[in-house]
Engineer: 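Attaching a single structure in structure tokens format; questions to follow.
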Amino acid sequence: MTFMPQSQNTIDPDKLEKLAEVAVKVGLQLQRGQDLVITAPVVALPLVRLITKQAYQAGAGLVTAFYSDEETTLARYQYGSDESFDRASGWLYEGMAKAYANGAARLAVSGDNPLLLSAQDAGKVGRANRAMSTAYKPALEKISNFDINWNIVSYPNPSWAKVVFPDDPEPIAVAKLAKAIFAASRVDVSDPVAAWAEHNANLAKRSAWLNGERFASLHFKGPGTDLTVGLADGHEWHGGASTAKNGVTCNPNIPTEEVFTTPHALRVEGHVSSTKPLSHQGTLIDNIQVRFEGGRIVEAKASRGEEVLNKVLDTDEGARRLGEVALVPHSSPISASGILFYNTLFDENASCHIALGQCYSKCFLDGASLSQEQIKAQGGNSSLIHIDWMIGSDKVDIDGVTPDGSRVPVMRQGEWA
């Protein structure tokens, strides 16, 4: 019996095929003979099958997929022993890290229900997240350090669709979410690969301008926000396609509208408020407000999910410091859609954002040749986590501050100045 979600007939099969093609040819630029590790919700099986086909057609060595399931995740919280929440499958993540060390590419299909764990015990959620982050570190380091080519795409999971479009029947909600994913991922055009080449060129121009300015910091000013983000010594801006240490140029995030770099872990001052909810590991965290001193969050609150937020911040020393700052115009296609996706991959590309935790070594001049000690000395942050949250809107202005203290307009009312 073939597994096929009931909602599959509401998803355009041609565009789903194009998304699979873009994931392999643009997102990964999978190399002939290269292995591929896929993680996905089981409901995304139709897309995983198409990606697997595209991968083998591109000459993949071996494609291996690992699936998650919402019902089995909930079963743990309903029936699992208390001590189980301090454990994670380290053997699995060690195996993934070994695969990446041996040259495998990584592809994640996102689409989990953002509210899956909202009714579960926040203490258990926090403990499970911490255990998973610790176990995942060997694999995460290979990804965050861009040792390999990697990519994330999304599938319109019915439970996710109902969160985004709660007033619609499930088939209609799925169809709407699928259409939005395809548009944001640039696969609703005749030649998506060419469309991505043009988009990458535009993002590269923005990155080149910022790299030419060599700002010492960025100053964000808006409602509930007065934040100075110092930039790491020798930082480098990136956007769109990036070349991994294995020499493969990939698009890690599909969709993407951002240009991003590494902040200095010790040079962030002021306060900032989130402009969109953060969906983290099945918990929705809304109206985040934090205050930084010496690069560290010393005060944090949220109107929803505050307990989980504080447990995230207590993951390790680096969890209270920044690992990324990213600029996105308010008029980006994802923002212009007016849809709140409750999914960081999409919502971060509707808004300027910052990330708690681990930095990307890629975002340094000659980053591939820097040791972890050198990255730390230049201000790069280290942590078990990397969590993006949104701080931009059409009411936020950004100035670039040069080493001599002069200011250059970067964004006004959420748009490039």
Side-chain angles (χ1 to χ4, degrees), residues 180 183-186 189 195-232 235-242 251-264 268 270 272-276 322-341 344-355 360 362-365 388-417:
S185 304
R186 289 178 161 78
V189 297
W196 272 98
E198 180 181 358
H199 182 50
N200 280 329
N202 289 332
L203 291 174
K205 289 179 183 177
R206 293 290 184 192
S207 299
W209 177 76
L210 288 162
N211 285 325
E213 293 293 327
R214 303 308 309 163
F215 293 127
S217 64
L218 297 176
H219 180 228
F220 293 75
K221 182 73 173 178
T225 293
D226 188 350
L227 183 73
T228 298
V229 178
L231 301 180
H235 69 274
E236 187 172 50
W237 289 87
H238 288 270
S242 292
N251 266 84
N253 291 346
I254 289 180
T256 186
E257 303 291 335
E258 65 177 334
V259 291
F260 60 96
T261 195
T262 297
H264 197 293
V268 183
V272 62
S273 299
S274 65
T275 52
K276 291 180 182 290
L322 296 185
E324 178 190 345
V325 58
L327 304 181
V328 180
H330 181 69
S331 60
S332 80
I334 296 173
S335 177
S337 74
I339 298 172
L340 179 61
F341 286 88
T344 300
L345 179 62
F346 288 82
D347 292 334
E348 72 171 4
N349 285 297
S351 167
C352 295
H353 54 275
I354 51 181
Y360 291 125
K362 176 71 178 176
C363 292
F364 287 90
L365 295 168
D388 300 270
W389 52 286
M390 287 56 76
I391 64 169
S393 74
D394 58 354
K395 298 178 177 62
V396 174
D397 294 336
I398 304 172
D399 283 341
V401 183
T402 64
D404 66 6
S406 59
R407 302 172 75 91
V408 177
V410 175
M411 283 189 163
R412 289 292 180 267
Q413 296 182 318
E415 300 299 330
W416 291 105

Engineer: Check the pair D397 / E415 against side-chain contact (heavy atoms from CB on, under 4.5 Å), numbers first and verdict last.
Structural biologist: CA-CA 8 Å; D397 294 336; E415 300 299 330; over 6 Å; no
Engineer: Quick one: pull up CG in L345 and OG in S185 and give me the separation to the nearest 0.5 Å.
Structural biologist: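 One finds 7.5 Å between CG of L345 and OG of S185.
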Engineer: Considering non-hydrogen atoms only, spot the tightest contact between I334 and A350 and give its length.
Structural biologist: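 Here I334 and A350 meet closest at CG2-CB, 3.9 Å.
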Engineer: Just to verify, which of R412, K221, H219 counts as forming a side chain to side chain donor-acceptor pair (under 3.5 Å) with D399?
Structural biologist: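 For D399, the side chain to side chain donor-acceptor pair (under 3.5 Å) check succeeds only for R412.
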Engineer: For T225, enumerate each residue passing the side chain to side chain contact (heavy atoms under 4.5 Å, CB included) test, keeping only those at least two apart in sequence or located in another chain.
Structural biologist: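 Testing T225 for side chain to side chain contact (heavy atoms under 4.5 Å, CB included), a comparison that skips the adjacent residues, returns F220, L227, V272, S273.
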Engineer: Are the side chains of E213 and V410 in touch, meaning some heavy atoms are under 4.5 Å apart?
Structural biologist: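 No, too far: nothing below the 4.5 Å cut-off.
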Engineer: Kindly give the heavy-atom pair with the smallest separation between P263 and L322, and that separation in Å.
Structural biologist: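 Nearest pair, atom of P263 first, then L322: CG-CB, 3.8 Å.
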Engineer: Donor-acceptor pair, T261 side chain versus E236 backbone, under 3.5 Å?
Structural biologist: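 Pair found, side chain donor or acceptor close to backbone of E236.
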Engineer: Less than 4.5 Å apart, side chain to side chain, heavy atoms only: is that true for N349 and E258?
Structural biologist: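 A side-chain contact under 4.5 Å exists here.
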Engineer: Judged by atom type as modelled, is there a donor-acceptor pair below 3.5 Å linking the side chain of H199 to the main-chain atoms of T256?
Structural biologist: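 Pair found, side chain donor or acceptor close to backbone of T256.
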Engineer: Evaluate the side-chain contact (heavy atoms from CB on, under 4.5 Å) criterion for residues T262 and K362: first the C-alpha distance (whole Å), next the side-chain angles of each, then the deciding distance (0.1 Å), finally the verdict.
Structural biologist: CA-CA 9 Å; T262 297; K362 176 71 178 176; over 6 Å; no
Engineer: What pair of heavy atoms forms the shortest contact from A184 to P255, and how long is it?
Structural biologist: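 For A184 and P255, the tightest heavy-atom pair comes out as O-CB, 3.1 Å.
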Engineer: What I'd like to find out is whether the side chain of W237 reaches to under 4.5 Å of the side chain of L231, using heavy atoms alone.
Structural biologist: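 They are in side-chain contact.
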Engineer: Work out which heavy atom in H235 is nearest to a heavy atom in F215; give both atom names and the distance.
Structural biologist: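 Between these two residues, the closest heavy atoms are CE1-O, 3.1 Å.
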Engineer: Could you check whether any side-chain heavy atom of P333 comes within less than 4.5 Å of a side-chain heavy atom of R186, counting everything from C-beta outward?
Structural biologist: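 Yes, at least one pair of side-chain atoms sits under 4.5 Å.
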Engineer: Between the side chain of D388 and the main-chain N/O of E348, is any donor-acceptor distance below 3.5 Å?
Structural biologist: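 No.
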Engineer: Where the side chain of S207 meets the backbone of G239, is there a donor-acceptor pair that is under 3.5 Å apart?
Structural biologist: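 Yes, S207 side chain to G239 backbone: donor-acceptor pair under 3.5 Å.
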Engineer: Working note: I339 + F346, criterion side-chain contact (heavy atoms from CB on, under 4.5 Å); need CA distance, chi angles, decisive distance, verdict.
Structural biologist: CA-CA 9 Å; I339 298 172; F346 288 82; over 6 Å; no
Engineer: Would you confirm whether T275, through its side chain, and G392, through its main-chain N or O, come within 3.5 Å as a donor-acceptor pair?
Structural biologist: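 Confirmed, T275 side chain pairs with G392 backbone.
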Engineer: Any heavy-atom pair between the side chains of V328 and S351 that's under 4.5 Å?
Structural biologist: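 A side-chain contact is absent here, since even the closest heavy-atom pair is not under 4.5 Å.
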Engineer: So how far is it from S274 OG to I354 CD1, rounded to the nearest 0.5 Å?
Structural biologist: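 Rounded to the nearest 0.5 Å, the OG-CD1 separation comes to 9.5 Å.
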Engineer: Please step through side-chain contact (heavy atoms from CB on, under 4.5 Å) for the pair T344 and H353, ending with a clear verdict.
Structural biologist: CA-CA 10 Å; T344 300; H353 54 275; over 6 Å; no
Engineer: Can you say whether the rings of H238 and F260 are parallel (under 30°), tilted (30 to 60°) or perpendicular (over 60°)?
Structural biologist: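 If you compare the ring of H238 with that of F260, the planes turn out tilted.
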Engineer: With heavy-atom distances below 4.5 Å as the criterion, would you say the side chains of K276 and L340 are in contact?
Structural biologist: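 Yes; the side chains approach each other to less than 4.5 Å.
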Engineer: If you define the side chain from C-beta out and look only at heavy atoms, does anything of V325 sit under 4.5 Å from V268?
Structural biologist: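 Heavy-atom side-chain distance check fails, nothing below 4.5 Å.
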